[in-house]
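Here is the structure we will look at.
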2 protein chains.
Amino acid sequence: MKLVCRQDELSTKLSLLSRVVPANPTHPVLANVLLVAEGHSLALSVFDLNLGMQVSIPAEIETPGTLTLPARFLNEIVSRLPNSDITLEAEETSVTLHCGSGRYQMQGLSADEFPELPTLSDVEPLALSVELVLQGLQSTLFSASTDESKQILTGLHLKGADTGLEFAATDGHRLAIAQFPESQLENPLSVTIPAKALRELERMLSRSPAEVVCRFDTAQVAFEMTTEQGQERVLCRLLEGQYPNYGQLMPNTFSRQITLDRQQFLSGVERIAVLSARKNNIIRMKIDPEQQQLDLSAEAPEFGSGEESLCAQISGDPLEIAFNVKYLSEGLKAMDSQDIQIQLNAETTPAVLSPLSGRKSTYLIMPIQIRG
Amino acid sequence: MKLVCRQDELSTKLSLLSRVVPANPTHPVLANVLLVAEGHSLALSVFDLNLGMQVSIPAEIETPGTLTLPARFLNEIVSRLPNSDITLEAEETSVTLHCGSGRYQMQGLSADEFPELPTLSDVEPLALSVELVLQGLQSTLFSASTDESKQILTGLHLKGADTGLEFAATDGHRLAIAQFPESQLENPLSVTIPAKALRELERMLSRSPAEVVCRFDTAQVAFEMTTEQGQERVLCRLLEGQYPNYGQLMPNTFSRQITLDRQQFLSGVERIAVLSARKNNIIRMKIDPEQQQLDLSAEAPEFGSGEESLCAQISGDPLEIAFNVKYLSEGLKAMDSQDIQIQLNAETTPAVLSPLSGRKSTYLIMPIQIRG
């Protein structure tokens with residue numbers, strides 16, 4: 001294998017791939033990146049047996065070939081090289097890298113040892129716009145659980161039918177849903193994808209072209225993007241198990257409704273959070289229809305107390321309700337509208353937040369019951 | 001006490017002061033900031049009995065008064081407030097803060113409990129330009145030890161005489177010196193100041209006016225800056241003990257001399273550091289006068305090896321020498337010249353680096369003895 005490529009292009013892709021490489025792999029080769037030099041491009045892959053990524057960069061291939069190299073180590077060196085041409089030359093599993101004033105010798109492992117990334121090429125592809133996928137992820141992904149013991153809740157549930165496509169994520173305390181009725185699917189779909197993999201997909205998509213092709217089988221999913229340099233892919237195992245029937249959590253009617261400025265609400269919540277963080281993370285919300293005012297408050301015994309009074313359009317009776325302040329602020333941050341709507345019934349039943357413009361989504365939070 | 005001040009001004013100063021406040025103070029009041037409202041300004045002070053800082057902001061004082069409030073807590077709230085007027089009103093030790101839509105109640109402690117910051121006002125002041133002090137700090141401070149058990153070496157030594165002023169810092173492995181022969185002192189000076197305090201001073205000076213006034217007594221030092229809002233001060237205890245006689249470490253003559261581009265040298269060192277970091281942090285340097293070339297190299301057994309070949313002007317015989325890569329890169333980063341000079345004698349005696357332009361300084365590193 002011998003090739004020449006650009007430092008900036010190689011560095012960008014390696015920093016993307018290095019994030020996925022396990023720190024303590026079950027087999028040494030899984031800490032490596034697979035290099036495949038062929039035609040006019042260099043393909044780079046990492047795969048920890050659950051999550052795999054494959055990208056390409058243009059390269060002048062003098063001698064085609066394959067090899068694996070330590071991914072993080074290669075990334076650290078390449079990211080520090082000057083922005084010029086890099087020459088990679090392999091002899092057996094030993095690689096010499098030339099760039100500017102530097103020569104680096106690296107010990108790799110044979111490509112034969114690297115596990116093959118499934119292509120799912122015999123599965124019917126589902127093409128989605130990058131915009132739709134990004135909207136779906138940005139509106140829901142933050143609600144998935146980060147606690148590995150929560151298993152299926154660490155994933156994002158994707159449901160498709162002739163009524164449209166739906167993204168949903170819940171950690172048991174809050175639930176985020178994004179619906180796309182315009183994306184009607186002939187064949188029904190219902191899968192749970194690890195949130196970790198989707199965060200990497202989100203990162204890749206933000207610099208990607210218009211379309212992403214998804215291929216699902218019973219155990220895994222592949223996302224494919226066609227770039228100028230060739231196919232880029234994220235592949236991962238699906239989560240097993242029954243995803244909660246979250247639809248039944250959503251109340252059918254609401255007796256109270258609040259409309260207010262999202263940014264003002266979020267800023268107030270973040271200030272009150274300074275107090276909440278010093279006690280139990282609880283923020284209290286007092287709905288005052290008479291004054292058309294929403295009061296946020298929290299107390300921290302040794303420090304003091306805080307209150308924010310926000311103008312709001314309120315319909316329904318007065319109510320006092322409390323939430324985990326983190327759930328409230330994360331939900332508000334994930335929206336991008338000027339105004340939002342809060343719908344609720346009682347201090348013990350879920351509240352539902354939704355933006356009034358921009359990206360459409362629904363965010364449900366369970367309140368916290370407080371004494372006194 | 002009742003006053004009105006600007007959120008942005010209060011927030012900037014609180015974030016500066018909060019850095020100094022101890023996380024686990026020996027007495028609760030030391031976690032607080034002292035507020036003194038008087039005339040047309042609000043003075044803010046923190047003091048952990050070793051290190052103290054005092055700053056001022058303009059304020060409309062309706063009722064003068066003094067009080068202490070939890071420094072970090074106040075900072076966290078104020079930094080999140082909108083950029084508008086803040087009203088602070090105290091009743092006994094309870095303060096109400098109003099700003100925009102928010103009202104915050106805070107529990108303070110009486111100002112009487114707050115230890116007095118010594119003023120050293122009866123000591124002869126020494127006026128220095130901010131530029132000189134910043135140059136002295138930036139060229140040396142990084143060489144002080146961060147290991148608290150190293151006691152006197154955690155400080156910066158300041159020596160003044162009729163021959164000029166000298167800043168020096170060493171951790172036992174390297175030594176940085178900045179000399180200012182133009183700053184001649186009538187009364188000789190020889191003090192060791194904690195590097196921690198000087199890092200805070202550096203932060204304050206970078207947004208300060210032209211002059212800093214220093215006052216030393218046998219146990220402490222105060223740095224005073226006059227700003228539009230009044231006096232700002234950093235005060236700290238001096239370190240006790242005999243500072244090493246570092247002057248004797250500096251060789252009188254050198255048999256070898258290298259001149260090369262600082263940025264190229266630093267970049268090469270930082271790439272080789274990727275390998276060094278995976279073994280013993282050692283970087284090898286081969287001085288080749290015949291080729292007028294400096295070769296940097298390192299090996300990391302399981303990963304590989306790297307070599308950087310740099311053009312240099314070299315006089316003297318060939319030599320191989322090794323250094324701790326961190327000491328080399330930190331020294332090069334602290335300089336700002338285009339070219340630097342390395343002077344050395346043998347592989348077991350110190351090497352001395354100095355910039356050929358810009359900020360003047362001298363940086364001495366002990367080599368590492370390597371086998372084979």
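Residue numbers start from 1 in every chain, and the chains themselves are labelled A, B, ... in the order their sequence lines are given, proteins ahead of strands. It should be emphasised that the depicted structure is a prediction, and the values quoted were computed from it without experimental measurement.
How far CD1 of Ile283(A) is from CD of Glu299(A): 13.0 Å, rounded to the nearest 0.5 Å. Here Leu35(B) contributes atom CG and Leu42(B) contributes atom CG; the two are 5.0 Å apart, rounded to the nearest 0.5 Å.
Glu302(B) touches chain A through its backbone: at least one of N, CA, C or O sits under 4.5 Å from a heavy atom, while the side chain does not. For Ile272(A), the parts lying near chain B are the backbone and the side chain together; criterion is any non-hydrogen pair under 4.5 Å.
In summary, Glu270(B) and Lys333(B) engage in a salt bridge, as defined by a charged side-chain N under 4.0 Å from a carboxylate O. We find that Arg278(B) and Glu76(A) are joined by a salt bridge, their nearest charged nitrogen and carboxylate oxygen being less than 4.0 Å apart. Between Asp85(B) and Arg6(B) there is a salt bridge, since a side-chain N of the basic residue sits under 4.0 Å from a carboxylate O of the acidic one.
When each of Ser79(A), Gly102(A), Gly100(A) is checked for heavy-atom pairs under 4.5 Å with chain B, Gly102(A) comes out on top. Note on Gly268(B), Pro70(B), Cys311(B), Ser101(B): by heavy-atom pairs under 4.5 Å with chain A, the leading option is Ser101(B). For chain B, the option among Leu74(A), Val274(A), Leu296(A) with the highest count of heavy-atom pairs below 4.5 Å is Val274(A). Ranking Ser305(B), Gly306(B), Ser94(B) against chain A, the residue ahead of the rest is Ser305(B), based on heavy-atom pairs under 4.5 Å. Ranked by heavy-atom pairs shorter than 4.5 Å toward chain A, the options Asp295(B), Leu69(B), Leu81(B) are led by Leu81(B).
Between Glu113(A) and Thr68(A), the side chains place no donor N or O within less than 3.5 Å of an acceptor N or O (distance only, hydrogens not considered).
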